[in-house]
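The structure appears right after this line, and notes come after that.
As the structure is a prediction and not an experimental result, all values here were calculated from the model.
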Amino acid sequence: MRSTPHKALAVGAAAVAALAAVSLPATPAGAAPPTAPLAAECTPAQVVTNGGFESGTSPWTPSSSGVITSRSGQTAHGGTSFAWLNGVGSTHTDTLSQSVTIPSGCSTATLTFWLHIDTAETTSSIAYDKLTAKIGSTTLATYSNLNENTGYVQKSFDVSAFAGQTVNLAFTGTEDSSLQTSFVLDDIALDTSGGPTPPADSTRTPAAPSYTVSLSSNAGGTVWTGHESVAFTNASSTALSEVYLRLWDNYHGTCSAPPITVSNVTGGTAGALSVACTALKIDLSSPLAQGQSATIGFDVGITVPSGADRFGHDGAFSFIGNALPVLAVKDGAGWHLDPYTNNGESFYSLAADFKVTLDHPSTLLVPATGTSVDTPGSSGRTVTTATAAKVRDFAWAAGPFSKISGTSTAGVPVNVYSVSGISSSSAQSMLTTAKSAVDAHASRFGAYPYGELDAVIDNNFWFGGMEYPGFVLDLVSTTALTHEIGHQWWYGIVGDDEYNSPWLDEAFTDYATDLALGKTGTNCWNSVSWASSAEKITNSMAYWDAHSSRYSTVVYGYGKCALHDLRRVLGDTAMTKVLKDYATSHWYGVSTTAEFKAAAQAATSTDLTSFWTQHRIDS
């Protein structure tokens with residue numbers, strides 16, 4: 001997301017590693033999302049039954065009675081029994097499976113098993129005989145005669161992404177026509193623990209928000225007043241009796257004189273402001289059962305403070321990010337009401353539709369999220385109507401900008417709006433960069449879905465750059481602009497909880513910027529030096545606000561280097577496919593660390609447990 005000065009200039013901002021063109025999932029417009037129960041309390045448990053095979057075959061399903069055995073020729077890791085797959089020396093397949101249920105309320109689920117492989121194969125390069133471990137339809141790892149070992153080796157996999165599901169845990173061994181390979185398994189366990197894990201996208205609520213906004217500005221574009229309404233659906237099996245509006249920009253004022261005001265609420269009753277006046281509770285007129293919808297409306301006032309900020313005005317030029325009240329997210333962990341952070345971002349929201357009408361003096365240009373159409377207003381005024389589908393927020397700017405436009409090679413309309421003092425050559429350079437960047441990211445992750453792209457350029461931005469859907473604020477910087485445009489995919493299309501998991505957008509975006517700019521990250525992990533044992537790539541903004549000097553270095557720098565290291569483990573082709581498939585499966589959804597780790601593990605036979613530990617990437 002935003003690049004603070006030391007990020008933008010020292011680390012460099014990077015656009016999300018988007019790989020291979022992807023097609024959008026076929027979800028009917030306006031269709032109600034699927035539903036699932038909220039996460040329950042977690043009771044730590046080991047959910048594999050008879051993982052040591054000491055109680056016979058039940059509840060395992062082996063392909064033959066000889067798979068679970070204590071016969072001579074192999075030995076158990078513990079006890080006397082084990083599972084012996086293959087070892088025949090001719091064309092043969094053995095299977096072993098068990099249905100397991102992973103509790104929905106647990107944030108950690110780890111599959112472990114002990115594996116011994118011996119073989120009569122003499123090759124050091126060809127995998128003739130193979131063992132595949134799967135959970136559900138996901139392949140966790142594949143081993144072969146090339147992985148022969150003298151004793152047992154423990155394998156470990158993060159399967160937290162399967163929380164709340166009943167899935168089949170299965171092992172399949174295959175041999176070719178000659179020379180045996182034995183795959184011997186023992187002490188299989190699947191341990192669950194931890195607090196509530198965020199449920200799947202379909203149980204985050206309020207779902208499918210649709211915002212309709214009409215605002216009118218003063219002569220300078222620094223004060224906006226009007227009306228906003230939002231329709232939404234309760235996707236949760238728990239009745240929804242209230243919602244929260246996030247009034248993020250009240251951070252920039254005081255509770256006695258807030259820059260964002262909400263009044264005359266309909267469809268519910270306004271409660272007290274909380275979280276330093278950035279959260280407003282609305283008790284609904286009546287509770288919503290699962291699948292039911294409602295609409296709330298209210299008058300809104302926005303006063304833009306002075307300052308070249310993501311919400312502020314630099315002389316005649318206003319930048320209005322995070323100013324529209326948006327719905328907070330509720331999931332199995334409850335309402336996400338994290339505080340505003342000026343060090344990074346807190347802006348966690350679900351994909352929504354916006355139609356925003358902005359009535360302003362015709363002397364002001366108004367770049368905005370979505371696709372805009374200008375029509376004449378009252379005398380000396382223009383009405384800009386911006387529409388955007390499946391975006392997480394809406395931002396705009398207002399001022400006597402200089403504007404140049406172009407179209408990327410792939411057909412994306414790109415506009416660059418410059419404040420006074422930006423040379424025409426700098427503006428042209430930023431237009432060239434924007435066209436190149438949007439196509440580069442689209443070619444890796446999937447077609448840019450938001451119509452036009454607006455870049456607002458001001459070298460006075462203290463923060464470097466900031467991203468919103470279809471709209472970015474930036475300095476004159478090729479690297480920073482490539483980074484902010486990359487956020488259209490990581491944060492915009494593939495969402496995340498920015499406060500609790502900032503690495504999911506910042507590290508991925510910086511990694512992608514490297515790819516877009518032809519940087520390989522060679523040896524970049526070698527410069528890693530942790531400040532303390534508590535410092536991790538996956539720490540939340542609560543930690544980074546207390547250790548702000550390390551935020552950029554660890555989340556951006558170490559984060560992207562960890563992804564470069566992962567690419568070297570998986571291989572370029574596999575990493576490309578992992579990120580392509582991951583973007584596709586989370587298109588307009590929400591990413592979690594556990595889900596990404598599971599996706600990466602499924603792409604390799606190498607156990608990544610030590611990789612995550614070394615790189616301090618915790619679920």
Side-chain angles (χ1 to χ4, degrees), residues 1 13-29 31 33 200-202 208 349-354 369-371 387-393 407-414 433-455 467-472 481-496 504-517 560 563 566-567 570 572-592 595-596 598-600 602-603:
M1 309 220 145
V16 173
L19 307 129
V22 297
S23 58
L24 304 189
T27 301
D201 289 356
S202 59
S349 55
L350 302 184
D353 295 339
F354 283 82
T369 290
T371 300
T387 56
K390 305 300 183 187
V391 296
R392 299 184 189 277
D393 204 344
T407 303
S408 76
T409 301
V412 177
V414 178
T433 293
K435 292 191 294 183
S436 175
V438 72
D439 283 356
H441 299 313
S443 71
R444 294 185 174 98
F445 282 118
Y448 177 73
Y450 295 139
E452 66 189 37
L453 172 66
D454 293 338
E467 73 286 350
Y468 297 97
F471 175 97
V472 299
L481 185 57
T482 303
H483 173 98
E484 304 309 336
I485 292 174
H487 275 305
Q488 300 304 308
W489 283 264
W490 298 102
Y491 145 79
I493 298 168
V494 180
D496 65 283
L504 286 171
D505 51 273
E506 296 299 0
F508 282 58
T509 299
D510 242 21
Y511 169 77
T513 294
D514 276 5
L515 296 184
L517 299 179
K560 76 171 180 180
L563 293 173
L566 181 61
R567 174 172 51 82
L570 302 183
D572 289 355
T573 300
M575 184 68 166
T576 296
K577 179 172 171 53
V578 165
L579 289 177
K580 168 198 168 184
D581 292 347
Y582 194 76
T584 301
S585 65
H586 291 77
W587 201 266
Y588 301 139
V590 175
S591 169
T592 68
E595 289 168 343
F596 177 72

Considering only heavy atoms from C-beta outward, does the side chain of [X] approach that of [Y] to under 4.5 Å?
X: Leu563; Y: Met575; result: yes
X: Asp353; Y: Lys390; result: yes
X: Asp393; Y: Thr369; result: no
X: Val494; Y: Phe596; result: no
X: Tyr450; Y: Val391; result: yes

Residues Tyr511, Leu566; criterion side-chain contact (heavy atoms from CB on, under 4.5 Å); working and verdict: CA-CA 11 Å; Tyr511 169 77; Leu566 181 61; over 6 Å; no

How far does [atom1] of [X] sit from [atom2] of [Y], to the nearest 0.5 angstrom?
X: Leu504; Y: Thr592; atom1: CG; atom2: OG1; value: 7.5 Å
X: Asp496; Y: Arg392; atom1: CG; atom2: CZ; value: 8.0 Å
X: Lys560; Y: Asp514; atom1: NZ; atom2: CG; value: 3.5 Å
X: Thr407; Y: Leu453; atom1: OG1; atom2: CG; value: 11.5 Å
X: Asp581; Y: His586; atom1: CG; atom2: NE2; value: 11.5 Å
X: His483; Y: Leu517; atom1: NE2; atom2: CG; value: 12.0 Å

Least distance between heavy atoms, [X] atom then [Y] atom:
X: Ala600; Y: Leu570; result: O-CD2, 4.0 Å
X: Ser408; Y: Val438; result: CB-CG1, 3.9 Å
X: Val578; Y: Ala603; result: CG2-CB, 3.4 Å
X: Pro449; Y: Ile493; result: CD-CD1, 3.6 Å
X: Thr482; Y: Ala516; result: CG2-CB, 4.0 Å

- request: For the residue pair Trp489 and Tyr448, categorise the inter-ring angle as parallel (less than 30°), tilted (30 to 60°) or perpendicular (more than 60°).
  value: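 It falls in the tilted class, 30° to 60°.
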
query: Can you tell me if Ser443 uses its side chain to pair, donor with acceptor, with the backbone of Ala440 under 3.5 Å?
result: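 At least one qualifying donor-acceptor pair exists.
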
- request: Ignoring hydrogens and angles, tell me if any N or O in the side chain of Gln488 forms a donor-acceptor pair with the backbone of Tyr468 under 3.5 Å.
  value: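 At least one qualifying donor-acceptor pair exists.
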
message: Between Lys435 and Val412, is the side-chain contact (heavy atoms from CB on, under 4.5 Å) condition met? List the steps.
response: CA-CA 8 Å; Lys435 292 191 294 183; Val412 177; over 6 Å; no

